[in-house]
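Order of the sequence lines sets the chain letters (A, B, ...), proteins ahead of strands, with each chain counted from 1.
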Amino acid sequence: GDSVTQMEGPVTLSEEAFLTINCTYTATGYPSLFWYVQYPGEGLQLLLKATKADDKGSNKGFEATYRKETTSFHLEKGSVQVSDSAVYFCALSPNTGGFKTIFGAGTRLFVKA
Amino acid sequence: DARVTQTPRHKVTEMGQEVTMRCQPILGHNTVFWYRQTMMQGLELLAYFRNRAPLDDSGMPKDRFSAEMPDATLATLKIQPSEPRDSAVYFCASVPGQGYNEQFFGPGTRLTVL
């Protein structure tokens with residue numbers, strides 16, 4: 001079945017450091033790919049998405065590129081801030097009309113001032 | 001600013017008691033999901049509905065959990081009887097449908113069963 005694997009956390013970085021969180025997926029067909037972010041005490045919210053191969057999703061300085069050849073969707077940010085501390089979830093949704101989403105286990109990011 | 005709302009935000013109860021959690025999806029969204037989040041298991045899908053009809057509840061313990069959608073503006077998740085292992089944060093999420101598959105999450109209900 002479809003699945004998402006993302007790097008284990010926690011990831012601890014200093015402010016202004018470069019961030020990469022790895023995500024790979026297994027799916028039949030051509031799913032949509034997402035990154036969601038969860039801040040403490042809140043629900044998940046969409047950070048960015050890509051719907052087809054080679055698409056780049058971007059938002060708030062974060063970006064990820066849909067790589068079908070490596071089945072990956074790694075999240076990157078050039079310079080993290082303390083306010084980026086959160087849990088990040090990679091996810092996929094098969095484009096079969098069901099809208100069901102498969103989430104990764106989440107990666108906790110701590111950014112130190 | 002349309003949002004998914006959930007009530008209550010926090011619930012503390014004793015083992016054996018009935019717990020009902022409510023969710024109001026964003027108006028016009030036709031698909032509603034219930035998730036449970038714990039440190040050990042992460043985010044688990046419990047059940048979901050399309051146009052108020054249950055599509056999949058295979059993630060839900062059938063003997064004690066039930067999920068319904070009495071109308072388009074209300075989804076409920078009930079646990080009877082509750083057990084300490086049910087302690088978790090329960091999230092509701094809705095999806096617009098019409099080919100748009102981003103999930104919009106509510107703030108969650110934090111349940112503690114003593």
Side-chain angles (χ1 to χ4, degrees), chain A residues 1-10 21 23 25 27 29-52 55 57-60 62 64 66 73 86-108, chain B residues 1-10 21 23-26 28-51 53-59 75 88-110:
Chain A
D2 297 348
S3 66
V4 175
T5 303
Q6 59 182 107
M7 64 188 288
E8 291 188 19
I21 300 177
C23 171
Y25 68 91
Y30 303 91
S32 293
L33 302 177
F34 306 87
W35 278 100
Y36 285 82
V37 59
Q38 184 179 28
Y39 298 103
E42 299 183 10
L44 282 69
Q45 57 186 272
L46 181 69
L47 180 60
L48 54 85
K49 71 176 185 180
T51 57
K52 61 182 188 295
D55 266 2
S58 61
N59 186 26
K60 299 181 182 179
F62 291 88
Y66 191 143
F73 193 56
V87 181
Y88 293 82
F89 292 86
C90 185
L92 72 82
S93 181
N95 285 320
T96 54
F99 308 123
K100 197 171 176 178
T101 299
I102 311 300
F103 289 90
T107 302
R108 185 175 295 276
Chain B
D1 185 23
R3 298 187 183 196
V4 175
T5 58
Q6 291 186 245
T7 56
R9 290 296 313 276
H10 302 273
M21 291 169 271
C23 166
Q24 182 172 15
I26 294 172
H29 285 198
N30 68 353
T31 305
V32 176
F33 295 80
W34 281 106
Y35 294 93
R36 175 170 63 184
Q37 186 177 41
T38 61
M39 290 295 292
M40 294 301 295
Q41 300 297 326
L43 195 65
E44 302 173 275
L45 175 65
L46 297 175
Y48 75 106
F49 295 78
R50 168 79 43 75
N51 295 323
L55 287 191
D56 184 356
D57 62 0
S58 58
V89 182
Y90 291 81
F91 289 104
C92 170
S94 67
V95 175
Q98 306 298 323
Y100 186 59
N101 50 7
E102 170 191 347
Q103 298 208 359
F104 292 78
F105 280 76
T109 293
R110 181 174 294 277

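- Sparse packing is recorded around OH of A:Y30, with 12 or fewer heavy atoms of other residues, nucleotides or ligands lying under 6.0 Å away.
- Only the side chain of B:Q37 has a heavy atom closer than 4.5 Å to any heavy atom of chain A.
- A:T101 approaches B:N101 most closely through the heavy-atom pair OG1-O, 4.3 Å.
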Query raised in the report: Going through the checks in order, is the side-chain contact (heavy atoms from CB on, under 4.5 Å) test met by A:Q38 and B:F105?
Result: CA-CA 10 Å; A:Q38 184 179 28; B:F105 280 76; over 6 Å; no
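- With a 4.5 Å cut-off on non-hydrogen atoms, A:E42 touches chain B through its backbone but not through its side chain.
- Looking at B:R110, neither its backbone nor its side chain comes within 4.5 Å of chain A, counting heavy atoms on both sides.
- A distance of 4.5 Å separates OH in B:Y35 from CZ in A:F103, rounded to the nearest 0.5 Å.
- Here the NZ-CG distance, from A:K100 to B:L45, works out to 5.5 Å after rounding to the nearest 0.5 Å.
- Residue B:Q103 comes nearest to A:Y36 through the heavy atom pair N-OH, 2.9 Å, listed as atom of the first residue, atom of the second, then distance.
- Heavy atoms of A:S32 lying under 4.5 Å from chain B belong exclusively to its side chain.
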